[in-house]
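Below: one structure, written as structure tokens.
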2 protein chains.
Amino acid sequence: MNVVEAKELLKTEGYKHTDKRTDILQLFSDESRYLAAKDVLEALQNKYNGLSFDTIYRNLSLFTELGILETTDLDGEKKFRFSCSTDYHHHHLICLDCGKTKHIHQCPMDTSIISDEGFQIIDHKFEVYGYCEQCGEQKNV
Amino acid sequence: MNVVEAKELLKTEGYKHTDKRTDILQLFSDESRYLAAKDVLEALQNKYNGLSFDTIYRNLSLFTELGILETTDLDGEKKFRFSCSTDYHHHHLICLDCGKTKHIHQCPMDTSIISDEGFQIIDHKFEVYGYCEQCGEQKNV
DNA sequence: TTTATGATCAGAATCATTCCGATTTAACTT
DNA sequence: AAGTTAAATCGGAATGATTCTGATCATAAA
């Protein structure tokens, strides 16, 4: 998934093009990390005076519905990041400082360690938290 | 961990005994599932008229600090359950309907599939979501 | 250019959670 | 048994994230 693909998807799904949508997508494309709604607002509000939280939230959930963004709950707030791809299943290392992520290619569900008759599995979450190289160094100074 | 152990721990740590604390602990002991703060309030407010949210939240976070409860974020709210044990590391199958849990004994971190130099690992989360036997049956009626 | 509908704004409303000052109570002291 | 003290609780206000609403605006199609 990239900005161009995302914009095409929006178009084919009948959503209108707006500069704000483009800029939100571009922001997520530039930053390979999880961002909260307020991070997005802050990043765009110099350019768009009076930008509304509503616009941010509405677009973030639209993009999530369309699979353009993926989301996780981190310390009580929803965070969003660009979907790495629509079909490649993966998990993340997540930096607790800056939200930057790295892929984990192996999935614990692959190894079929979970077998429980009667429990109907719908979804799963595997996340590893810590500090990325840059943030880790800052802490040790 | 059980109610008696939890109460002993509270005592040795210098916290006072109150009926509300006992009842909160008993509730978690009876229900082997994740409960939100409001679930706890609802369960106790017939007995304690005027029970305050503050009391619930204060005790839930105290119990969590002491390792009596463990917590997770589920669809935007904190949920709590009795700690299975202080030293046995485990993960959960979680029912999306009733919050009931089952243990997953294997941990994806055990197999050391995650190796990333420069990323300092602090914590991880592995949860499997779905429907337990009872809730799954209700859905298929 | 006009029009219809989707997008945005601004601010109010909601929901979970935390904070605060006043009051009550458990546990210790005399 | 009564007094003391610090912890616990209450009730309600404050906060922070998120959602809703009615009015206005802008995109895309006619």
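Please read all numbers here as calculations on a predicted model, not as lab measurements. Chain A is the first sequence line, chain B the second, and so forth, proteins listed ahead of strands; every chain is numbered from 1.
- When ring centroids are compared, A:H91 and A:H124 come within the 6.0 Å threshold.
- Taking 4.0 Å as the cutoff to heavy atoms of chain A, we find the contact window on DNA chain D bounded by D:dA17 to D:dA28.
- For the atom pair CD of A:E31 and CZ of A:R81, the computed distance is 11.0 Å after rounding to the nearest 0.5 Å.
- Interatomic distance, A:D23 CG to A:N59 CG, rounded to the nearest 0.5 Å: 11.0 Å.
- In this structure, A:T71 contributes its side chain and A:F80 its backbone to no donor-acceptor pair below 3.5 Å.
- Using a cut-off of 4.0 Å between Lys/Arg side-chain N and Asp/Glu carboxylate O, A:E77 and A:K38 are scored as salt-bridged.
- Counting only heavy atoms from C-beta outward, the side chains of A:K78 and A:T72 never approach each other to under 4.5 Å.
- Distances shown here put a side-chain N or O of A:K20 below 4.0 Å from the OP1 or OP2 atom of C:dC9.
- Contacts of residues 33-56 of chain B with DNA chain D (heavy atom under 4.0 Å): B:G50, B:L51, B:S52, B:D54, B:T55.
- Within the model, atoms CZ of A:F28 and CG of A:L25 stand 8.5 Å from one another, a figure rounded to the nearest 0.5 Å.
- Considering every non-hydrogen atom in both A:L44 and A:K20, the closest pair reads CD1-O, 4.4 Å.
- Residue A:R58 places at least one side-chain N or O closer than 4.0 Å to OP1 or OP2 of C:dT8.
- Using a 4.0 Å cutoff on non-hydrogen atoms, the parts of residues 5-17 of chain B near DNA chain D are B:Y15, B:K16, ordered by number.
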